[in-house]
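These notes concern the structure reproduced below.
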Protein chains: 2
Amino acid sequence: MVSLTEENYLKALLSLAKEKGEVNVTDLSKHLGIKMPTANSMMKKLAEKKLVVYESYKPLRLTEKGKKTAGLIIRKHRLTEMFLVDKMGFGWEQVHEIAEQIEHIHSQDFFEKMDELLGYPKFDPHGSPIPDKNGKMEWISYQTLTHCNVGDVVHLAAVTNSSAEFLKFLNARELKLGARLRILAIESFDKSMTITYDGRSDEVLSALVCEKLLVTL
Amino acid sequence: MVSLTEENYLKALLSLAKEKGEVNVTDLSKHLGIKMPTANSMMKKLAEKKLVVYESYKPLRLTEKGKKTAGLIIRKHRLTEMFLVDKMGFGWEQVHEIAEQIEHIHSQDFFEKMDELLGYPKFDPHGSPIPDKNGKMEWISYQTLTHCNVGDVVHLAAVTNSSAEFLKFLNARELKLGARLRILAIESFDKSMTITYDGRSDEVLSALVCEKLLVTL
DNA sequence: GTAAAATGTTAGAATAGACTAACAAAATTT
DNA sequence: AAATTTTGTTAGTCTATTCTAACATTTTAC
Ligand SMILES: [Mn+2]
Ligand SMILES: [Mn+2]
Ligand SMILES: [Mn+2]
Ligand SMILES: [Mn+2]
């Protein structure tokens with residue numbers, strides 16, 4: 001009923017809506033690495049399927065049905081990532097690409113079994129929430145590290161980028177979810193932060209890195 | 001380089017070659033549930049990719065490259081089935097359909113990890129050999145139960161049909177791989193067999209069932 | 001508040017994979 | 001050996017997904 005291609009569009013729409021509020025065709029096509037007219041005509045198709053509300057020159061919106069469909073794909077994606085890390089021994093930097101494919105497998109049983117074997121996890125290995133069986137997910141209001149101040153002590157709760165390069169960067173510094181971070185200094189010129197955690201002292205993180213780290217107080 | 005669709009064609013060619021010797025377009029199209037002209041034009045495409053030898057009105061043949069490619073997909077399929085049964089707790093009747101999809105996942109790491117976690121298995125849950133990393137598989141010369149005689153005592157080594165219906169039929173009779181079967185009688189009229197195994201006595205199996213059971217002496 | 005830039009849309013074409021209808025060759029029956 | 005059936009091929013069409021080129025609208029800049 002919904003093709004693999006369409007599933008990827010829906011997922012993109014949901015995540016762009018989450019990070020930017022409004023979604024336009026330019027963002028969508030950039031996100032998916034396709035040209036604008038391609039995205040445009042797919043939006044019309046998804047509108048016919050009642051998954052998207054499309055009006056010329058207006059921002060794109062998912063319908064409730066579209067949100068649910070997208071949420072269920074993200075559920076499959078994140079359950080897969082969790083399974084790959086917890087049950088198969090992959091590193092958190094290895095799983096996104098594989099999950100990107102496995103999320104399109106058609107088999108209720110397969111994902112229900114994963115869920116069960118994992119003990120019904122609520123978060124994936126990158127700290128993102130796993131949507132429930134209705135495709136609904138609760139976004140906990142984390143802060144980016146960028147918004148913290150000198151002296152703050154916070155815990156690393158999630159990362160907003162699952163690329164292998166970024167996660168290998170964190171691996172190299174033994175920076176893991178749950179780590180207790182203390183902010184020692186913030187360079188006012190470039191907003192880079194000096195922090196300590198675990199045994200580590202005086203790690204300097206650029207603002208580009210800090211804005212990808214979500215923390216709780 | 002090879003699409004999901006093409007992968008399924010290659011697999012079909014390999015398994016038809018194994019079971020029938022020569023493969024023609026009619027068999028191939030029936031096996032895949034497509035029309036003859038569709039199969040025909042795909043054969044020309046695969047011939048251009050040097051995966052198939054195509055000559056008008058001649059039987060279809062896989063090239064060495066084609067055999068290897070097909071073997072590697074079957075490797076992924078069977079490793080998956082083994083993983084689903086041994087590591088995830090699925091029944092042998094549930095795994096074929098899921099594996100039919102997962103065999104197309106592009107990730108060396110994923111299947112290598114499965115292989116490692118499984119301890120480098122040589123056979124899948126249905127008793128079929130798992131091809132090696134070069135796509136080569138050794139076919140052990142099993143016999144179908146049909147070819148056995150009254151008084152023979154044999155072990156169930158493999159089944160040649162992985163459909164859920166057939167495997168549920170075997171489940172209902174607690175007939176598993178490895179079972180030691182003794183042939184009590186063969187009905188000459190319809191070739192149905194009366195056998196005993198485990199605690200079971202006097203199970204009658206039709207010839208249709210017997211020919212799908214591969215045994216060792 | 002016009003001009004320029006950015007964004008969005010339409011039209012037309014390409015490729016992959018499937019189909020039907022019509023024709024051709026090979027195999028099988030009489 | 002001719003007729004019939006089966007099998008295989010060609011030609012043309014369709015849908016899904018992508019593209020480029022051209023045009024339209026909206027937003028931003030001056
Ligand atoms: Mn991911
Ligand atoms: Mn995907
Ligand atoms: Mn199988
Ligand atoms: Mn398949």
Side-chain angles (χ1 to χ4, degrees), chain A residues 1-14 16-17 19-62 66 69-70 73 100-101 103-106, chain B residues 1-14 16-17 19-62 66 69-70 73 100-101 103-106:
Chain A
M1 182 87 194
V2 180
S3 72
L4 183 151
T5 307
E6 290 168 338
E7 287 188 348
N8 283 333
Y9 276 90
L10 292 175
K11 242 187 13 151
L13 287 168
L14 192 64
L16 286 170
E19 73 182 60
K20 302 207 168 188
E22 291 203 333
V23 187
N24 56 31
V25 186
T26 308
D27 291 341
L28 180 62
S29 58
K30 274 177 189 155
H31 188 89
L32 290 170
I34 57 178
K35 301 296 175 178
M36 232 192 288
T38 306
N40 187 274
S41 64
M42 181 58 90
M43 289 308 99
K44 290 179 172 178
K45 180 149 70 116
L46 292 179
E48 277 180 11
K49 292 193 177 187
K50 310 288 182 203
L51 293 162
V52 162
V53 181
Y54 174 82
E55 294 171 278
S56 287
Y57 299 105
K58 296 256 174 70
L60 303 166
R61 289 188 297 117
L62 283 168
T69 307
I73 301 157
E100 202 57 51
Q101 299 176 64
E103 68 190 0
H104 305 291
I105 298 292
H106 296 301
Chain B
M1 182 86 195
V2 180
S3 72
L4 184 151
T5 308
E6 290 169 337
E7 287 188 348
N8 283 333
Y9 276 89
L10 292 174
K11 243 188 12 151
L13 286 169
L14 192 63
L16 287 171
E19 73 183 59
K20 303 208 168 190
E22 290 202 333
V23 187
N24 57 32
V25 185
T26 307
D27 291 340
L28 180 62
S29 58
K30 276 178 187 154
H31 188 90
L32 291 170
I34 56 176
K35 301 296 174 179
M36 234 192 286
T38 306
N40 187 274
S41 65
M42 181 57 91
M43 288 308 99
K44 289 179 173 180
K45 180 150 71 114
L46 292 180
E48 275 178 14
K49 293 192 176 187
K50 307 290 181 202
L51 293 162
V52 161
V53 181
Y54 174 81
E55 294 171 275
S56 288
Y57 300 105
K58 296 255 175 71
L60 303 166
R61 289 188 299 116
L62 285 168
T69 306
I73 302 157
E100 202 58 52
Q101 299 176 65
E103 68 190 1
H104 305 290
I105 299 292
H106 295 302

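The chains referred to below are lettered A, B, ... by the order of the sequence lines, with proteins before strands, and numbering in each begins at 1. Heavy-atom basis, side chains included; hydrogens, waters and symmetry copies ignored.
- At whole-Å resolution of the value, CG in A:Leu28 and P in C:dA6 are 20 Å apart.
- Look at NZ on A:Lys35: it is 24 Å from P on D:dA16, rounded to the nearest Å.
- Distance from the side chain of B:Ser56 is smallest for D:dT9 among the nucleotides D:dT7, C:dA11, D:dT9.
- B:Pro59 has its side chain out of reach of B:Val23: every pair of non-hydrogen atoms, C-beta onward, lies at least 4.5 Å apart.
- Within 6.0 Å of atom CD in B:Glu22, 12 or fewer heavy atoms from other residues, nucleotides or ligands are found, so the atom counts as exposed in its surroundings.
- Atom CG of A:Asn40 is separated from atom P of D:dC19 by 13 Å (rounded to the nearest Å).
- Side-chain atoms of B:Lys58 do not come within 3.5 Å of backbone N or O of B:Val53 as any donor-acceptor pair.
- Atom pair B:Asn24:CG and C:dA25:P shows a separation of 19 Å (rounding to whole Å applied).
- Protein atom NZ of B:Lys30 is 13 Å distant from nucleotide atom C1' of D:dG8, rounded to whole Å.
- Between the side chain of A:Gln101 and the backbone N or O of B:His106 there is at least one donor-acceptor pair closer than 3.5 Å.
- Taking 4.0 angstrom as the limit, B:Thr26 places none of its side-chain polar atoms (N or O) nearer than this to OP1 or OP2 of D:dT6.
- Remark: of the listed residues A:Thr38, A:Val2, A:Leu51, A:Val52, A:Thr38 is the sole one forming a side chain to side chain contact (heavy atoms under 4.5 Å, CB included) with A:Tyr9.
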Which atoms of nucleotides 14-17 of chain C (N or O only) lie under 3.5 Å from a protein N or O atom, and what are those distances?
{"from": "C:dG17", "atom 1": "OP1", "to": "B:Ser3", "atom 2": "OG", "distance (Å)": "2.6"}
{"from": "C:dG17", "atom 1": "OP2", "to": "B:Lys45", "atom 2": "NZ", "distance (Å)": "2.0"}

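- The side chain of A:Tyr54 contributes an N or O atom lying less than 4.0 Å from OP1 or OP2 of C:dT9.
- Side-chain contact between B:Leu28 and B:Met42: absent, with no pair of heavy atoms (C-beta onward) separated by less than 4.5 Å.
- Comparing A:Ser41 and B:Pro37 by the nucleotide of DNA chain D that holds the closest heavy atom to each, the one mapping nearer the 5' end is B:Pro37.
- Protein atom OH of B:Tyr57 is 11 Å distant from nucleotide atom P of C:dA27, rounded to whole Å.
- In this structure, B:Asn40 and B:Met43 have side chains that are not in contact, with every pair of non-hydrogen atoms separated by 4.5 Å or more.
- Residue B:Met36 contributes atom CE, which lies 13 Å from atom C1' of C:dA25 at whole-angstrom precision.
- Nucleotide D:dA16 holds its P atom 17 Å from the CG atom of A:Asn8, rounded to whole Å.
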